[in-house]
Amino acid sequence: MNKLQTLALGLISSSVLLMSACSKNSDDATPVAATLKTNTVTDLDGSKGNVYYSLANNAAVTGADTTGTKWDIKFSGTSIFVNSGTSGTGTAQAQVVSSTFADLTAAPASGYKSDATGAAAITGWYTYTATTAPQHAILMVPGKIIVVKNSAGNYAKIEMKSYYKGNPDTTTPAFADLTTRPASRIYTFRFAYQSNGTTSLQ
Amino acid sequence: MLLLLSAKVSAQQIDTAARDTSKSKKLKEVIVTATRSAKDLMTVPMPVSTINNKEIKNRGLVRLDEVLNEQTGLAVLPDAHGQGIQIQGFSPDYTMIMLDGLPIIGRTTGILDLTRITTNGIDRIEVVKGPVSSLYGSEAMAGVVNLISATPPLGFSSSFAARYGTNKNADLSLNAAYATPRLSVSGFINRNSSGGYSLVPGSGSPTVSPFHGYTVNGRITYKLTSNTDLRLLIRNYTNTSTNNYSVDSGQVAGKGTESNFSISPSITHRFSEKFTGELRLYRSTYQTTSLLNYTATNAVYDETYFNQAFNRAEIQSDYQIYSKLRLTSGVGGQYETVDATRYDTQQSFTSGYVYAQCDWTTFKKLNVIAGGRFDAHSVYRSQFSPKLAVSYQLSDKFVLLGSTGKGYKAPDFRQLYLNFTNAVVGYSVFGYEEAAAQVAKLQQQGQIQTILIDPNKLQPLNAESSTGYNLGYRYRPAKSLMWTANFFRNNIRDLIDAVPIAIKTNGQSVYSYFNIHSVYTQGAETDLSYNFLNHWILAGGYQYLQAYDNTVLDQIKAGQVYGTDEKTRETVKVTKSMYGGLLNRSKNMANARINYQDDKTGIIASVRAIYRGRYGFSDVDGNGIVNRDDEYVKGYVLFNASVSKLFYHNQIRFQLTGENLGDYKQPLTISNLPGRLLYAGFTYNFNKQ
């Protein structure tokens, strides 16, 4: 057997080993994964007013429940509030972490804040383009993951996807043109909710 | 004959059609800008280049932007505030533009618009790359571009030149001069006008509005005694543009004016063969006005003005201690004022400086230049800018060059005194000196929601500064061949940017200026020129450039920078290889040209290709940096060509010039490419050549 063949064989066998190692890991993770649910929310309409959202139930909260602890986050224009402090009667807290959605496998142990006057817990997830093209647009800042610890003490990670109806491609001329740009304050985001009270987000 | 390098100090004349005379090539090519004294171009120890009047005329070029755009490593950037020059990856703010060694003033957001500067009446343009603050102070951070005006030949001479073409672009010049061995008087009047153009015709706003401008220039020199020379330079530039824009609330129209007047008397006295002194006074004023009225109602939409004045007195002495050692030193004072719509009151600066430079040749072949300049200023911290440059002649044909130095740029009036609130959107920008008082005022009015940074505790604004390193060589293996190369690195600190200091109750921010960014630029450039078969020159140049923000690099290293994938629209981590560096910097730039000149038939022609590689233009995915292909402007090549025919003892020249013959356009991203431009030119010399 020449050297090249040895090398090739070595590479193949090691990759086989790696692959089997990976699948073994995911087998172990199965029981944990059952308590973590990932959802994508498409076109949550905030154009007619504030929208309250329960991450535990993956549903909007309306009516009298909006004054209690049933909701976790509230969308209000370019602000996202958490249910605590100046925003609500709950004890939910949040922070923004730099990461991809997938890479954030555990919620940070500390660093959470409640909403306070002029100091919201959730900031920096969007950018306003002002006069640079596409003009006067709200664009998502990539890699800003909102981590929420809700009133029940459970953790969730949220990635905002879009501020416009239909999660449009913001690089197109149709988006740049204010007359053809889709309606704003219509949110698309994905989130993963860990219901077992641990910080594990994978 | 090396046309490219044929800047001879004595071959100066105001004629516009004369051919290169082969007699003058025995004279050494010199450059004055690098050391403030005439030095041999082959051995001056900094990266320098010159472009002479004949070459500019042969190419059919009339404005400074057209000339600089064809030079290696220089990029003329499109911007709404004018066309500025990028040298070694520096923004236009950091290059000093001079006329006969005197800085030209009048910048808008840091950009000095090169289209306003005529190349009529000059002998040559000298370009020095790398920091030269050691001689010229603030702004000479990336380098210096110096236009040297022509010395008229003895007797009476005059000429007329015209160029007209696409977009009704017209350039007319009338030059006249009279010179005796003692007295020389010369002057010209130049008119430059355009019908403007619109790259997006449906928008209701032209890209460039129609304008017409005049430059009137006078120059008198008089030999008072055999050792005393008097000189007076006067220039006045005025420009009027006819604006007509479409804004959200309707159509607005009106006039914009720009004017720049400068005057500089000077006296030079040779105290002895070794010692010369010069006293130079300089005053320059720059004004702009703009008035826009609604076309429908005639109500005022916007009215602004800007007035700037610059005054300087300077004494320079040159002491040739012995033939190999020369000491140049000077002392000066400056007083500047500015008064504008966006400033509360008239603001002023006072500054003083001293500089000294030692030019020493030792071991026959080693030339060392060491010097420095100290600037004291009424508002910002004092600056010391040292410089060390060395050249070593390995042989007559090969010279090694190395230099290092510090450059700086003072905070400008805007960064110190701006008081501006955007009427439409509602944000405010305050200069460093204004911030505390203006924020307090807004607080009293109940307009402030949150203070982010206490304006009473702002760090004093410091000058932006850089340390530059240049290493290269000049190689001339034969008379017909010249090859130069230079490697450069610039470490730039304390770049000033606007940062939010408070949030207003309307949700908009209040900004002020801080020294925050630290960036570096590095790269290499090379130029090659070869002339063959008596009539032909083949030349080319290339620059490789990297320009990065250190903070962004650190964040990428720490894995904290994310972007959005163009296709999947998924969030991805930005790696160093994805980071495109600073906006508007092309990694690759190149040019090539071929010249032909036949004195017998009087035919002169050249074809030039200018390549600008792709460059970062905008942030699309919201992370503030360039990391995706759709955030770049595609690379492109411009083809320019010109052909001249001389008649009647070379007194008449007919010329055809084409710029951007490939008709390349990018209407949404490149505002200074209106497409193909074709010109016809005519020159008449009233006297025999």
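Proteins get letters first, then strands, A, B, ... in listed order; numbering begins at 1 in each. Note that the structure is predicted; figures quoted are calculated from it, not measured.
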Give me the atom names and distance for the closest heavy-atom approach of Pro142(A) to Gly622(B).
CD-C, 3.7 Å

What are the residues of residues 49-74 of chain A, in order of number, with any heavy atom under 4.5 angstrom from a heavy atom of chain B?
none

Interface of chain A and chain B, donor-acceptor atom pairs under 3.5 Å:
from      : atom 1 : to        : atom 2 : distance (Å)
Ser98(A)  : O      : Tyr562(B) : OH     : 3.4
Glu159(A) : OE2    : Thr571(B) : OG1    : 2.5
Asn167(A) : O      : Arg569(B) : NH1    : 3.0
Asn167(A) : O      : Arg569(B) : NH2    : 3.0
Asn167(A) : OD1    : Arg569(B) : NH2    : 2.7
Pro168(A) : O      : Arg569(B) : NH2    : 2.8
Arg190(A) : NH2    : Glu570(B) : OE1    : 3.0

